[in-house]
Amino acid sequence: MDSFEEAKKMEQERIDFILNKIKADLIALTEKTSTVKTDIVSMRKNFWEDVTVNLDDAVEASETAASIKQQAEFLSEQEHRHKHLHRDLNNLQRLMDTPYFARIDFLENGEQVIESIYLGIASYIDRKTDEFLIYDWRAPISSLYYDYSLGQAEFKAPGGTVKGELTLKRQFIIKNAVIKGMFDTGITIGDELLQEVLGNQSNTQMKSIVATIQQEQNQVIRNEKGKLLIVQGAAGSGKTSAALQRVAYLLYKYRETLEAEEILLFSPNLMFNSYIRNVLPELGEENMQQTTFQQYLEHFLAKDFEVEDPFTQMEYILTATSDDNYDIRRYSAKFKSSFQYMTLINHYLKHLSEEGLVFHDIIFREELLISSEQIKSHFYSISKTISTPNRIKLVTDWLLGEIKKIEKRERKKAWVDEEIQYLSKEEYQFYYEKLSKQKRFTQDTFDDYEREQEMLRKYVVKRHLSPVRKLIKSQAFLNMKKMYEQIFELDPKTLLGGETLNLSMDIWEGVSSFTLKVLKRDRLLYEDATPFLYLKEKIIGFQVNTSVKYVFIDEAQDYSAFQYAFINHLFPNARLTILGDMNQAIYAHNSQSGIDALKELFPDVRAETIILTKSYRSTKPIIEFTRELLESAKSIIPFNRDGIKPIVIEKDNQEDLLRGIIEKVKYFQQYKTVAIICQSAQEAEVVHKKLQSQLEVQLVDKRSNEYNEGNVIIPAYLAKGIEFDVVIIYDGSDEVYGSEQVKNLFYTACTRAMHELVIFSKGNISSLVENVPNHLYTKES
């Protein structure tokens, strides 16, 4: 047996030894977890039996409250303990299959003995000796594996920097606790392990592969330098994976002070949420909050408006070029995404503090209770030295006081007596119990019929006026729609205080007229949604979220300057991690990408920027092809994974095109995921109708929230962030992808491919492909 096989045998013996210890610990931990769970169930069941309840006097009531609090705290402690035990149990179960993925040998300066450190997805300690048998990949010492080659190395420990020499770096492929592969390497992550992982077929769930984290990705994961971390990475460079592993790292490092619900991820679409949902659980952590920016907007606006989403906006830009309003709509989207539009709104807010606030009449039973003019008069009677949100709060309090007066007057009206007569049995019972309670605590007799009727009138009127109170408390008396419309009715130059408007007056008038028409139909364009909500929040008072400590934004290049400023207002205490790729900036109609805008938004904050130029998703031939599509992509470095050159196929008509696609899809059936990528949802629907009778194929649209295996037809802008074994571009012709505004969309579509890329074209291929050297792709007929 040679030395390598001897080493492998010894490593397998160590795994077997650890496996036996894990099995024993699993039995003990399962029993302990079960016991704690039984105790919790019993405590919940007998909660009130274990609490002394006595409300006879203030002292007894106080002791009762203390007893309840003590019992609740004890229950909470047990539930917290059970949560940690359950997490430890899950970690042990995961270690059963793959205890660890790497070993490093480190000789600390001043020490004589080399320490062998094994890295896995969770720490494992020998309970008898307190020795670390496995270190969590997020532990400080584990950074040696990701950041250094053999030789001098160091890591930051809680007590300071530890220096020494890295003498061995060994990587394992372990399945079912058996070593399937073992590699000794001098570099960060050996090609053998990456080839093994990247050569696998695509999965409908993103996998957490901490064994293959690269040095530059590790910088993203462990970065703690400031409020703003910007990660600009090529397609397939592992931005999203590194971001999720960063979340896991933060939850590990700050486990005493940071909870998963204090981290928020804004993702590009619902299907992407499904795609990444298993990454953190695989690492033994709970998922953070996940939402899309559109979901956030709709949460606050959908009650009053039909809110356009970014995909509908994109669909319009791609397909409505013959529409009369097309150019105006593009100008509208550009301007309303800019900082200048925010400046204009801020000037408008100053104007509103002097004049121009619009209110709704307050109506009850089709009668005017308080007119909009009365509300307006009261608002502007309040000192201008008080901020607008505080003045609105004072108006709210005044209105609630007026409703109290109105309530007393309403009790005497005939409709109240009629309402009492028609009360249901259940309502009578409800009011009877209320009256009985009043009688018990006030010691009144309530024998008098008139007195009981008076109390019933009080409750009936109160109930009917309850919706009015609710509307007042939510500031629904503000006519926000009209106030937003006024922006397009006033002189923008006056609002900007002399600052030059970035639009000609003709275009501004066109944008204004178009916007007002849309608002009249109770619709909010996507580019209007954030400014509208910003205006509303600045008037009533920004509802900031101070509990969120970290905000992650994926596909950052698709956020506008205005949206970033708005997010910064929402989460004033949060640290931001921004992940983007300017080569995939498909919303090219935005005036300023969010990534560029961040530098203006945080002028006093030192932003940490990490650039990832190496791409791992696609084979080397695919990356060498796709980087030639854009001038800005030429610096991308492909990982050395061999494969087949992209194929370009030109057809004369749609029938031949469809036949060719059907043949290719059938040919690629050995793969798990094959995507036919169309330019737009409109095109995707047409293609699906034509192919569904001949292929088993699923149509993906903006409502899709699951990513499934098989053949899919998908618009290019929904494929962002996702990868497929095979990508077939439905029609890469110059007619579809020839213009400047869609070149990034074409690049994005092509870079979704892991193993095979085929570009069909009805007629002449896009000029983007024409610019690619011929030797980088194969032409088929």
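Just the heavy atoms: all of them, side chains too, but no hydrogens, waters or symmetry mates, feed the values below.
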Distance (rounded to the nearest 0.5 Å) between [X] [atom1] and [Y] [atom2]:
| X | Y | atom1 | atom2 | value |
| --- | --- | --- | --- | --- |
| Ile610 | Leu579 | CD1 | CG | 10.0 Å |
| Lys664 | Ile728 | NZ | CD1 | 8.0 Å |
| Glu286 | Leu280 | CD | CG | 10.0 Å |
| Lys180 | Ile174 | NZ | CD1 | 11.0 Å |
| Ile623 | Lys614 | CD1 | NZ | 9.5 Å |
| Ile134 | Asp126 | CD1 | CG | 11.0 Å |

Under the 3.5 angstrom rule, does the side chain of [X] hit a backbone N or O of [Y] as a donor-acceptor pair?
| X | Y | value |
| --- | --- | --- |
| Arg617 | Thr751 | yes |
| Arg14 | Met10 | no |
| Lys8 | Met182 | no |
| Glu115 | Phe106 | no |
| Ser615 | Pro638 | no |
| Gln12 | Ile179 | yes |
| Arg138 | Ala248 | yes |
| Asn545 | Phe571 | no |
| Ser142 | Asp136 | yes |
| Lys239 | Gly233 | yes |

Less than 4.5 Å apart, any side-chain heavy atom of [X] and any of [Y]?
| X | Y | answer |
| --- | --- | --- |
| Arg170 | Glu11 | yes |
| Thr613 | Ile636 | no |
| Ile121 | Asn91 | no |
| Val758 | Tyr667 | no |
| Met288 | Leu244 | yes |
| Phe724 | Val674 | no |
| Glu261 | Ser547 | no |
| Gln245 | Trp137 | yes |

| Can a salt bridge be assigned to the pair Glu5 and Lys9 using a cut-off of 4.0 Å between side-chain N and carboxylate O? | no
[atom1]/[X]: more than 12 non-hydrogen atoms of other groups inside 6.0 Å:
| X | atom1 | value |
| --- | --- | --- |
| Glu696 | CD | no |
| Asn176 | CG | no |
| Arg255 | CZ | yes |
| Lys634 | NZ | yes |

Please report the shortest heavy-atom distance between [X] and [Y], naming the atom on each side.
| X | Y | result |
| --- | --- | --- |
| Ile622 | Pro646 | CA-CG, 4.0 Å |
| Leu229 | Val220 | CD2-O, 3.9 Å |
| Ala153 | Tyr148 | CB-CG, 3.6 Å |
| Arg752 | Ala719 | CD-O, 3.1 Å |
| Ile637 | Arg627 | CA-NH1, 4.5 Å |
| Pro268 | Asp554 | CD-CB, 4.3 Å |

Is it true that the side chains of [X] and [Y] contain a donor and an acceptor less than 3.5 Å apart?
| X | Y | result |
| --- | --- | --- |
| Gln215 | Gln217 | no |
| Asp105 | Thr167 | no |
| Asn223 | Gln219 | no |
| Gln669 | Asn711 | yes |
| Arg246 | Thr577 | yes |
| Glu224 | Tyr254 | yes |

| request: Would you kindly check if the NZ (Lys) or CZ (Arg) of Arg222 is within the cone defined by 45 degrees around the ring axis of Tyr146 and under 6.0 Å from the six-membered ring centre? | output: no
| request: Begin with the C-alpha distance, continue with both residues' side-chain angles, and end with the deciding distance and a verdict on side chain to side chain contact (heavy atoms under 4.5 Å, CB included) for Thr291 and Leu264. | output: CA-CA 8 Å; Thr291 188; Leu264 173 65; 3.8 Å; yes
| request: Test Leu576 against Lys227 for side chain to side chain contact (heavy atoms under 4.5 Å, CB included), laying out the working first. | output: CA-CA 6 Å; Leu576 301 181; Lys227 181 179 172 67; 5.5 Å; no
| request: Would you please test Val548 and Gln289 for side chain to side chain contact (heavy atoms under 4.5 Å, CB included) and show each step? | output: CA-CA 10 Å; Val548 171; Gln289 295 186 65; 4.1 Å; yes
| task | Could you tell me how the ring of Phe293 sits relative to the ring of Phe266: parallel (under 30°), tilted (30 to 60°) or perpendicular (over 60°)? | result | perpendicular
| task | Over 60° means perpendicular and under 30° means parallel, so classify the ring planes of Tyr100 and Tyr118, tilted if in between. | result | tilted
| request: Indicate, with yes or no, if the rings of Tyr145 and Tyr135 have centres closer together than 6.0 Å. | output: no
| said: For a side chain to side chain contact (heavy atoms under 4.5 Å, CB included) check, start with the C-alpha distance between Lys720 and Asp558, then their side-chain angles and the critical distance, and finish with the verdict. | reply: CA-CA 11 Å; Lys720 292 183 65 162; Asp558 293 338; 2.3 Å; yes
